[in-house]
Undergrad: 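Next up is a structure, given as structure tokens.
Note on naming: letters A, B, ... go to the chains in the order of the sequence lines (proteins, then strands), and numbering restarts at 1 for each one.
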2 protein chains.
Amino acid sequence: MRSSKQRDEVLKVLKSSCDHPTADMIYERVKEKIPNISLGTVYRNLGQLHDEGLITIVESSDKKVHYEGNLEDHIHFLCKKCDVITDIFHKNEVPKVFDNLGHLVESQKTVYYGICKDCRNNI
Amino acid sequence: MRSSKQRDEVLKVLKSSCDHPTADMIYERVKEKIPNISLGTVYRNLGQLHDEGLITIVESSDKKVHYEGNLEDHIHFLCKKCDVITDIFHKNEVPKVFDNLGHLVESQKTVYYGICKDCRNNI
DNA sequence: ACTGTAAATAGTAATCGTTACTATTTAGAG
DNA sequence: CTCTAAATAGTAACGATTACTATTTACAGT
């Protein structure tokens with residue numbers, strides 16, 4: 001992968017973002033430094049950075065993909081009313097943390113990602 | 001909510017599906033019973049059923065929303081190559097189960113859903 | 001049963017996040 | 001300095017989902 005100032009800036013913006021911005025939000029922020037950057041460039045670089053494992057994707061409920069630059073192991077709380085995503089770093093004390101934050105938990109989803117048996121064997 | 005044969009059939013199809021079908025797949029299956037049902041009707045009813053808590057949404061990586069009629073508490077394994085979603089019901093023995101299934105786990109995501117503090121207070 | 005109504009539907013058009021395409025620019029190896 | 005393939009800007013296209021509208025339908029009140 002060749003270096004590019006566009007990709008560097010996308011990564012820099014994401015690493016310094018505390019929210020979980022969408023491609024469009026990242027585009028607006030990068031434009032402050034590189035005014036003529038293309039939205040397609042942002043999408044392509046987000047895809048590459050994700051493939052390289054330098055950023056992660058956070059699913060939301062607003063039909064947009066949200067990105068995250070913080071690779072530290074943590075979980076998310078997603079408000080179904082306002083769609084705000086909260087980071088929770090104290091995995092082991094989840095019930096207590098939510099009590100302290102004042103959030104009402106209604107459900108939970110856990111997904112494991114990887115390669116299934118068939119895909120490991122074929123090729 | 002008024003009853004409708006369309007909604008009943010959408011729910012019936014989903015309850016008897018072992019995969020995790022998309023709106024389009026559900027549409028095709030319901031058409032066998034109700035040939036002139038509209039895709040929009042399927043989408044609207046899936047939304048209503050989800051609001052009522054009768055079905056759940058499974059995020060995938062193919063940009064489509066997948067639905068599930070099985071409300072039993074379980075987690076998912078998502079293959080990043082073929083996008084197949086596997087149900088895992090033995091939560092407590094996760095590493096062992098994946099060993100047995102032959103799946104290679106690379107990462108994990110946990111999300112809690114609910115109402116955040118601000119949304120609980122405002123209104 | 002009959003009627004009024006608001007909800008639900010079928011069919012179609014519109015939306016919008018994302019991807020594809022193309023001519024041009026650019027990084028970096030030789 | 002040159003060559004070449006990767007990266008880019010700008011724009012067009014795509015496709016899953018949602019919105020819209022005239023018509024149908026469930027069902028509560030008579």
Undergrad: Has the side chain of A:Arg2 got a donor or acceptor atom sitting under 3.5 Å from an opposite partner on the base of C:dT26?
TA: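 Indeed there is one.
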Undergrad: Could you tell me which non-hydrogen atom of A:Lys109 sits nearest to which non-hydrogen atom of B:Ile57, and how far apart they are?
TA: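 Scanning both residues completely, I find the closest heavy atoms to be NZ-O, 2.6 Å.
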Undergrad: Do any side-chain nitrogens or oxygens of A:Gln6 fall under 4.0 Å of OP1 or OP2 in C:dT26?
TA: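 No, no such contact exists.
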Undergrad: Rounded to whole angstroms, how far apart are CD1 on B:Ile34 and C1' on C:dA10?
TA: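 Value for this atom pair: 12 Å.
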Undergrad: Just how far, in rounded Å, is P of C:dA8 from CG of B:Leu11?
TA: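 After rounding, the gap between these two atoms is 15 Å.
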Undergrad: Shortest non-hydrogen contact from B:Leu78 to B:Ser61?
TA: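 Heavy-atom minimum between the residues: CD2-N, 4.2 Å.
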Undergrad: Counting just side-chain N and O atoms, does B:Tyr43 come under 4.0 Å of either OP1 or OP2 of D:dT17?
TA: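 Yes, B:Tyr43 has a side-chain N/O under 4.0 Å of OP1/OP2 on D:dT17.
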Undergrad: DNA chain D: A:Lys5 or B:Ser3, which has the more 5' nearest nucleotide?
TA: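 Counting from the 5' end, the first nearest nucleotide belongs to A:Lys5.
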Undergrad: What is the distance from CG of A:Asp24 to P of C:dT18, rounded to the nearest Å?
TA: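 Rounded to the whole Å, the gap is 9 Å.
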Undergrad: Under 4.5 Å between any side-chain heavy atoms of A:Gln108 and B:Tyr112, yes or no?
TA: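 Yes - at least one pair of side-chain heavy atoms lies under 4.5 Å apart.
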Undergrad: For B:His76 and B:Glu59, does a side-chain donor sit closer than 3.5 Å to a side-chain acceptor?
TA: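 Distance-only check fails for B:His76 and B:Glu59.
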Undergrad: If you look at every strand shown and take non-hydrogen atoms under 4.0 Å, does A:Arg44 touch a base, only sugar-phosphate, or nothing?
TA: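 Here A:Arg44 touches the bases of the nucleic acid.
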Undergrad: Rounded to the nearest angstrom, tell me the gap between atom CD1 in A:Ile57 and atom P in C:dG17.
TA: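 The answer, rounded to whole Å, is 16 Å.
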Undergrad: With no hydrogens and no angle check, just 3.5 Å: does a side-chain donor-acceptor pair link B:His103 and B:Asp99?
TA: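 No.
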Undergrad: For D:dT8 and A:Ser4 - does any side-chain N or O of the residue sit under 4.0 Å from the phosphate oxygens OP1/OP2?
TA: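 The answer is yes; a side-chain N or O of A:Ser4 sits under 4.0 Å from OP1 or OP2.
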Undergrad: 5'-most contact on DNA chain C: B:Lys63 or B:Thr41, nearest heavy atom basis?
TA: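 Comparing both residues, the 5'-ward one is B:Thr41.
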Undergrad: Please report, rounded to the nearest Å, how far the P atom of D:dG10 is from the CG atom of A:Asn36.
TA: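 After rounding, the reported distance stands at 5 Å.
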Undergrad: Rounded to whole angstroms, how far apart are CG on A:Leu39 and C1' on C:dA20?
TA: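 Computing the A:Leu39:CG to C:dA20:C1' distance gives 13 Å.
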Undergrad: Can you measure B:Gln48 atom CD to C:dA6 atom C1' for me and round it to whole angstrom units?
TA: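 To the nearest whole Å, that distance equals 14 Å.
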Undergrad: Take the protein atom NE2 of A:His50 and the nucleotide atom P of C:dT19, then report the distance between them rounded to whole Å.
TA: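 After rounding, the reported distance stands at 12 Å.
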